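In what follows, every chain begins at residue 1, and chains take the letters A, B, ... in the order their sequences are listed. What you are looking at is a predicted structure, and each value in this text was computed from that prediction instead of being measured.
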There are 2 protein chains.
Amino acid sequence: MKKSNQGETRQHNSRLILRTIYQNGEISRVDVSRSTALTRTTVSEIVAEFMAEGLVLESGLSPSTGGKPAILLRVDENARLMLAIDLAESEFRGGLVNLRGEIRHRKTLPVADLDGDAALDLVFTLVQELLAAADRPVLGIGIGTPGLMDPSGMVSQAINLNWQNLPLGELLFQKFGLPVYIANDCQVAALSEFTFGDAGSGDSLLLIKAGRGIGAGIIVGGKLIYGDNAGAGEIGHIQVLQNGETCRCGNRGCLETIVSENALVAQARRVIQEHPGTALFQRGSRPDDLSIETLLLAYQNKDPWVAALVREAAGILGSVAAHLVGALNINQIKIAGSLSRFGDALVEPVREKVQNGTLKALARHTEVGISSLGDDIVILGAASLIMKNELGLS
Amino acid sequence: MKKSNQGETRQHNSRLILRTIYQNGEISRVDVSRSTALTRTTVSEIVAEFMAEGLVLESGLSPSTGGKPAILLRVDENARLMLAIDLAESEFRGGLVNLRGEIRHRKTLPVADLDGDAALDLVFTLVQELLAAADRPVLGIGIGTPGLMDPSGMVSQAINLNWQNLPLGELLFQKFGLPVYIANDCQVAALSEFTFGDAGSGDSLLLIKAGRGIGAGIIVGGKLIYGDNAGAGEIGHIQVLQNGETCRCGNRGCLETIVSENALVAQARRVIQEHPGTALFQRGSRPDDLSIETLLLAYQNKDPWVAALVREAAGILGSVAAHLVGALNINQIKIAGSLSRFGDALVEPVREKVQNGTLKALARHTEVGISSLGDDIVILGAASLIMKNELGLS
């Protein structure tokens with residue numbers, strides 16, 4: 001056998017042991033050996049290396065079960081930090097995240113109207129400021145970006161930031177010398193939900209992120225689907241209305257023209273203009289003042305027009321979800337992004353469409369809910385990209 | 001390291017070497033070593049085992065390039081047979097398939113109205129007759145079945161055959177003592193196209209099988225998606241018309257009520273009733289005489305009504321395909337099953353919907369075509385299930 005194969009086996013075993021300790025919280029060397037089917041000698045040697053690196057600690061003794069109590073091991077969740085960034089919103093959000101997904105330090109920079117090189121400089125500044133704040137070794141840089149990625153790690157197109165074929169990963173690596181992992185923000189959000197969310201024990205997930213735009217991240221068999229051109233999850237540009245409005249992508253009737261912040265605001269404007277007696281109008285909203293925030297407020301104040309409007313849009317989202325659940329037999333759907341604050345008005349029509357729009361024998365297993373990770377979903381996902389690639393933890 | 005790990009490495013290396021020889025057609029030991037990064041000693045040892053088992057042959061000398069010509073190795077495609085069965089049609093089709101996907105012997109038994117235990121007995125008979133005809137060792141039994149599978153290998157529901165929770169795999173293994181691999185017929189068809197078809201070099205595929213029913217097999221990242229409950233690919237029961245006809249699954253407006261043999265025949269009947277002057281009618285077809293065969297014949301005779309009818313149904317299929325291509329970023333769509341004989345009338349609307357119904361930057365990579373494997377697609381796929389699991393070949 002070649003040496004490289006021995007090296008691969010060694011790395012495989014190391015990662016297996018670290019993952020076993022991580023997933024168990026606390027565990028003895030003997031139980032690691034039992035659970036991994038590796039010899040005690042191998043386990044002890046590799047654990048010793050992790051302890052020398054500070055990644056694993058001895059954390060106490062196991063409760064006595066008659067024999068000699070065993071020393072328990074655990075991963076020191078603060079031994080390393082991950083520098084994670086969300087470029088998808090109107091501000092660039094960054095965080096230093098520990099190995100349990102806790103954000104130990106945050107930094108947010110407003111994007112305003114910056115784009116092109118100026119937006120790139122803002123990313124550099126954000127990384128620099130976060131690195132300066134790190135009090136532990138930083139494992140790498142993880143980024144969730146809007147737009148399309150190239151399989152090689154280029155941002156091939158991010159319309160809002162006016163980036164085309166930007167080798168963001170390479171530029172960051174050259175500047176900071178740390179490993180860089182980049183993926184589309186919705187794909188990153190799916191990884192996040194899968195790693196840190198409460199999606200349960202299944203090994204597949206459809207994560208829908210609905211905010212300024214709408215997109216999805218799809219996990220099947222425990223693995224994120226990137227797609228042949230790294231473009232998996234672009235559900236925002238699936239045509240749902242044959243003669244619908246023209247979308248910024250050039251096609252007509254895309255899902256994004258119906259389910260997104262701007263689309264809902266536009267629909268609300270039409271309601272007010274056509275029905276000047278609506279509750280929305282009575283509360284003093286004028287069409288021009290409307291924003292997603294005023295709609296959310298009206299929804300919280302039980303405005304029936306807003307609820308109806310969200311439900312109608314959600315039905316169309318539900319039809320797209322039904323296509324995917326029907327074709328992929330996915331049992332778990334989670335919705336994230338700013339529109340997830342519409343709660344049941346968004347979730348119920350999706351649930352209903354999935355139940356009535358796919359084979360009942362399969363759909364009855366499917367659960368639809370709101371992600372519990374809130375605004376941090378992309379930052380945490382970017383951290384999990386690093387954790388997975390650098391340490392094999394997931 | 002434990003012995004089991006050495007065993008796994010050994011199996012991994014064996015499969016890698018066999019696959020390398022298989023995929024290269026003819027190759028020398030030295031080139032196997034180069035291509036696999038395994039030592040020449042390891043390659044020679046493992047090749048000697050394969051030669052002793054008759055799987056690999058020395059097939060000649062490489063063309064001289066100045067030095068000593070090398071002995072070339074190849075897989076003996078007739079060294080083993082795979083017993084492959086397609087249960088999805090009105091007859092049970094079986095074949096003995098060699099390692100290059102050539103069907104060396106066929107046997108077909110009509111199902112007529114048999115179901116339940118009688119249909120099961122028919123499967124036993126088919127296996128028995130095929131085994132009796134085998135003149136080489138049989139690697140295993142592979143089956144493409146209609147209906148839903150259970151992840152454990154049970155046929156949980158096959159409506160036409162009236163099978164519920166039938167442990168088909170276990171029953172066959174007990175009776176014949178051979179390894180048994182079963183999957184849904186559309187999933188099997190996708191494997192088949194991916195292994196033996198002309199889908200090109202991509203590592204993803206959407207295979208749509210449209211005949212008595214309609215279903216799909218989806219391959220992503222080189223792997224077939226089975227789904228959380230082994231039900232991936234059930235696109236026939238995705239709702240495409242909110243107030244459409246009631247489907248045999250109990251829901252309304254399923255894709256199968258619009259794109260399937262029966263659905264097209266029903267649509268043609270309506271055309272004839274509503275437009276008694278149509279070409280279909282002029283050729284003497286009465287509504288009651290219509291079948292998918294008469295429609296196919298009319299289409300081949302350039303009947304514009306049939307072409308229009310197929311195109312309209314294909315547009316709806318195209319919308320479902322667009323959802324999947326948009327969400328999964330799959331570059332290759334192939335259509336199989338009896339309806340694939342409608343050729344361009346089926347393909348063009350699907351292509352058009354995918355182009356106009358998903359992000360252009362991704363859709364421009366997507367190709368839509370008809371499978372070249374014809375009626376043998378499920379048999380060949382069932383064979384590839386065996387080949388993949390027993391020998392690691394794909």
Side-chain angles (χ1 to χ4, degrees), chain A residues 1-2 4-5 9 13 37-39 42 148 156-157 202-204 206 216 218 220-221 223 225-240 242 249-255 319-320 322-332 353 356-363 365-366, chain B residues 1-2 4-5 9 13 37-39 42 148 156-157 202-204 206 216 218 220-221 223 225-240 242 249-255 319-320 322-332 353 356-363 365-366:
Chain A
M1 238 192 299
K2 277 191 40 156
S4 71
N5 283 341
T9 305
N13 292 343
L38 295 170
T39 62
T42 303
L148 286 178
S156 48
Q157 196 174 45
D203 70 351
S204 72
L206 168 60
I218 302 168
V220 166
K223 288 201 171 153
I225 296 182
Y226 285 98
D228 284 338
N229 317 98
E234 287 288 344
I235 62 168
H237 302 285
I238 291 173
Q239 189 180 51
V240 292
Q242 196 151 4
C249 79
N251 286 338
R252 301 187 72 151
C254 294
L255 179 62
S319 167
V320 170
H323 276 77
L324 301 185
V325 167
L328 300 172
N329 182 207
I330 289 180
N331 287 352
Q332 193 76 233
K353 282 278 180 176
N356 298 328
T358 62
L359 206 57
K360 284 190 204 303
L362 299 175
H365 300 286
T366 304
Chain B
M1 238 192 300
K2 276 189 45 157
S4 72
N5 283 341
T9 305
N13 292 344
L38 295 170
T39 63
T42 303
L148 284 180
S156 47
Q157 197 175 46
D203 69 350
S204 73
L206 168 61
I218 302 167
V220 166
K223 289 201 170 152
I225 297 181
Y226 286 97
D228 283 338
N229 317 98
E234 287 289 344
I235 62 167
H237 302 284
I238 290 173
Q239 189 180 52
V240 292
Q242 196 150 4
C249 79
N251 286 337
R252 302 188 70 152
C254 294
L255 180 62
S319 167
V320 170
H323 276 77
L324 300 185
V325 167
L328 300 172
N329 182 207
I330 289 180
N331 287 352
Q332 193 75 234
K353 282 280 182 175
N356 297 328
T358 63
L359 205 58
K360 283 189 204 304
L362 300 175
H365 300 286
T366 304

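- Note: Gly357(A) leads Cys254(A), Gly357(A), Gly250(A) in heavy-atom pairs under 4.5 Å with chain B.
- Taking the side chain as every heavy atom from C-beta outward, Gln239(A) and Thr358(B) never approach each other to under 4.5 Å.
- Partners of Lys223(A) according to the side chain to side chain donor-acceptor pair (under 3.5 Å) rule, which considers only residues two or more places apart in sequence or in another chain, do not exist here.
- Proximity to chain A (any heavy atom under 4.5 Å) is shown, for Ala363(B), by neither the backbone nor the side chain.
- Both the backbone and the side chain of Ala327(B) come within contact range of chain A, judged by heavy atoms closer than 4.5 Å.
- Residue contact with chain A, scored on non-hydrogen atoms closer than 4.5 Å, involves the backbone and the side chain of Leu359(B) alike.
- Using a 4.5 Å cut-off on side-chain heavy atoms (C-beta onward), Leu324(A) and Leu324(B) make contact.
- Remark: Asn229(A) pairs with Asn329(B), Asn331(B), Leu362(B), His365(B) by the side chain to side chain contact (heavy atoms under 4.5 Å, CB included) rule, at least two apart or across chains.
- Inter-residue side-chain proximity for Val220(A) and Asp228(B) is flagged as unmet; no heavy-atom pair is nearer than 4.5 Å.
- For Ile218(B), the part lying under 4.5 angstrom from a heavy atom of chain A is the side chain only.
- Atom NE2 of His323(A) sits about 9.0 Å away from atom CD1 of Ile235(B), to the nearest 0.5 Å.
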